Every structure is written in structure tokens, then in C-alpha cells.
Amino acid sequence: MKFFLDTANLEELRKGASWGIVDGVTTNPTLIAKEGQPIEEQVRRICDIVDGDISAEVVATDAPSMIREGRNLAKIHKNIVVKCPLTRDGIVACSALSKDGHRVNVTLCFSPSQALIAAKAGAYIISPFVGRLDDVSWTGMDLVRNILQIYKNYGFPTQVLAASLRSPLHITEAALAGSHIGTMPFKVLDQLFNHPLTDKGLEQFLKDWGKVFKETPVAG
Ligand code: E4P
């Protein structure tokens with residue numbers, strides 16, 4: 001499963017990228033607004049940090065404006081994936097942009113039938129929002145599983161990006177379901193490393209080593 005960071009914060013992206021396990025980035029209007037910089041500038045900086053798919057979302061709500069905005073966003077960098085919401089206009093924009101050869105991430109997906117529409121419109125990525133469904137007492141991960149099954153039934157090439165992931169358990173469940181991508185906040189990526197037995201084990205190894213060898217070997 002590819003790991004995407006769901007942030008527009010450059011410091012978080014630099015740190016995540018330095019670990020060598022970040023394959024791409026998702027942003028949305030909320031995340032861009034949080035950084036307070038124009039989207040073109042912020043996204044360009046993000047592209048300099050992470051070499052992978054970088055989703056940049058349109059804020060227009062009618063199809064012709066979304067298409068124009070999407071084309072402009074796509075000009076920022078070759079790695080840009082244009083993000084469109086799963087509305088009627090968003091789907092029209094997805095079809096048009098995809099036919100132009102642009103890659104589109106259809107976002108705000110909350111049902112399998114919505115995901116089917118996005119695939120038919122040529123979406124490169126579909127983004128089911130797991131955490132937001134959990135918030136309203138639905139099992140969000142069931143949506144990921146159902147979409148994967150439907151896409152498999154018909155051989156759709158659209159990638160499933162499990163979004164709105166809020167915990168390490170969400171990441172594990174998305175991977176078990178076979179999601180192509182999981183996008184997560186920096187905090188969740190960081191939490192994935194943690195296990196008390198790793199810390200305890202390392203402490204013991206170093207203690208045992210130190211009892212016999214006084215110095216740490218120098219590399220090279
Ligand atoms: C995905 O592309 C969205 O930006 C994101 O995952 C939304 O997550 P949230 O529900 O935690 O805001």
C-alpha cells in the first residue's frame with residue numbers, strides 16, 4: 001500500500017519524506033488554507049519535497065470553472081493530480097479532465113455507487129472517507145472493501161485511496177482490505193513506528209552490549 005501524507009505543512013512533509021516511506025501527498029482546501037499561502041505556491045513547494053502524486057483540489061463548484069481550474073493546477077508540476085469533489089459537476093469535470101489526459105482524484109466519496117460513477121468518469125483515484133463515516137456510526141472501512149470488490153468485478157483501473165484515516169489501526173485495516181493507497185496525517189504516520197516492545201528490546205540489547213563493550217563501533 002502506498003503511503004500518502006494528508007497535509008500541506010512543509011515541515012511535516014520534509015520530516016515524513018526524510019524517512020523514505022512517503023509516496024505522495026493529498027491536500028484539500030482546509031489543509032491549504034491552514035498554511036495561509038496561495039495554492040500554486042504551496043503546491044509547488046510540496047512538489048519540491050515529495051516526488052510522487054500530489055493531489056491539489058479545485059474550489060470552483062460548476063463544471064466549466066472546475067475544468068479551467070483543474071487545467072491550471074495541472075500546469076504547476078507533472079506530479080499534480082487534480083482533485084474534484086463527487087458532485088454532478090465534479091464528475092463532468094473528471095470526465096473532461098481525464099479525456100484531456102489529466103489524472104483526477106475524485107474526493108468526498110461516501111458510498112459504493114458514488115465510487116462506481118467516479119470510475120466510469122475515468123477517475124485515476126477515488127477517495128473514500130473512512131474516518132468521517134466512522135464519525136456518523138458507519139463502518140468506514142466497509143466502504144473501502146466494497147469499492148475494491150466492485151472495481152475488481154469490472155476491472156476498473158481506478159486506484160482506491162483510503163482517506164480520512166485517523167489511527168494506526170485504520171492503516172492496518174486499509175492494507176488488509178487491499179487499498180492501493182492510504183493517506184494519513186503526519187501524526188498517524190509517526191504513530192506507526194511505535195511499539196513498547198521495540199523500545200524495551202532495544203534498551204535491553206544496548207544494556208547487554210554495554211556490559212561487555214565499552215564503545216559503540218564507528219561506521220566505516
Ligand atoms: C483526503 O484527501 C482528505 O484530505 C482527508 O483524508 C480528510 O480527512 P479528515 O476527515 O480527517 O479531514
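Whatever order the structure lists ligands and atoms in, that order sets their numbers, starting from 1. Excluded from the calculations below are hydrogen atoms, water molecules and symmetry mates; all remaining heavy atoms, backbone and side chain alike, are included. FYI, the numbering just counts along the sequence from 1. Just so it is clear, the structure is predicted and the values come from calculations on it, not from any experiment.
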Min N/O separation R132 to ligand 1 under 3.5 Å: yes

For ligand 1, which is the ligand I care about here, please tell me if T107 has any N or O atom under 3.5 Å from one of the ligand's N or O atoms.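 No; the residue has no nitrogen or oxygen that sits under 3.5 Å from a nitrogen or oxygen of the ligand.
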
Which protein non-hydrogen atom lies closest to [atom], naming both residue and atom, and how far is it?
| atom | result |
| --- | --- |
| atom 5 (C) of ligand 1 | D6 OD2, 2.8 Å |
| atom 2 (O) of ligand 1 | K83 NZ, 2.7 Å |
| atom 8 (O) of ligand 1 | S164 CA, 3.4 Å |
| atom 11 (O) of ligand 1 | R166 NE, 3.3 Å |
| atom 4 (O) of ligand 1 | N28 ND2, 2.7 Å |

Is it true that K187 and D6 have a side-chain N and a carboxylate O under 4.0 angstrom from each other? no

Determine, for D142 against R145, whether the closest basic-nitrogen to carboxylate-oxygen distance falls under 4.0 angstrom.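 Counted as a salt bridge, because a side-chain N and a carboxylate O are separated by less than 4.0 Å.
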
With sequence neighbours left out, what residues match S167 under side-chain contact (heavy atoms from CB on, under 4.5 Å)? L169, H170

Parallel, tilted or perpendicular: which describes the rings of Y151 and F156, with under 30° parallel and over 60° perpendicular?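 Ring orientation of Y151 relative to F156: perpendicular.
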
With a 6.0 Å cut-off on the ring centroids, do F110 and W138 count as close?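 No, ring centres 6.0 Å or more apart.
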
Side chain, backbone, both or neither: which part of S127 has a heavy atom under 4.0 Å from ligand 1? neither

Taking the non-hydrogen atoms of M184, is any one of them nearer than 4.0 angstrom to ligand 1?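 No, that is not the case, since the closest heavy atom of the residue is not under 4.0 Å from the ligand.
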
Could you go through the salt bridge (Lys or Arg N to Asp or Glu O under 4.0 Å) check for D53 and K78 one step at a time? CA-CA 9 Å; D53 289 345; K78 65 173 175 41; over 6 Å; no

Checking salt bridge (Lys or Arg N to Asp or Glu O under 4.0 Å) for the pair E41/R45: CA distance, chi angles, key distance, verdict? CA-CA 6 Å; E41 281 174 35; R45 289 191 195 115; 3.6 Å; yes

Can you sort out which atoms of ligand 1 are near A163, meaning under 4.0 Å from one of its heavy atoms? 1 (C), 6 (O)

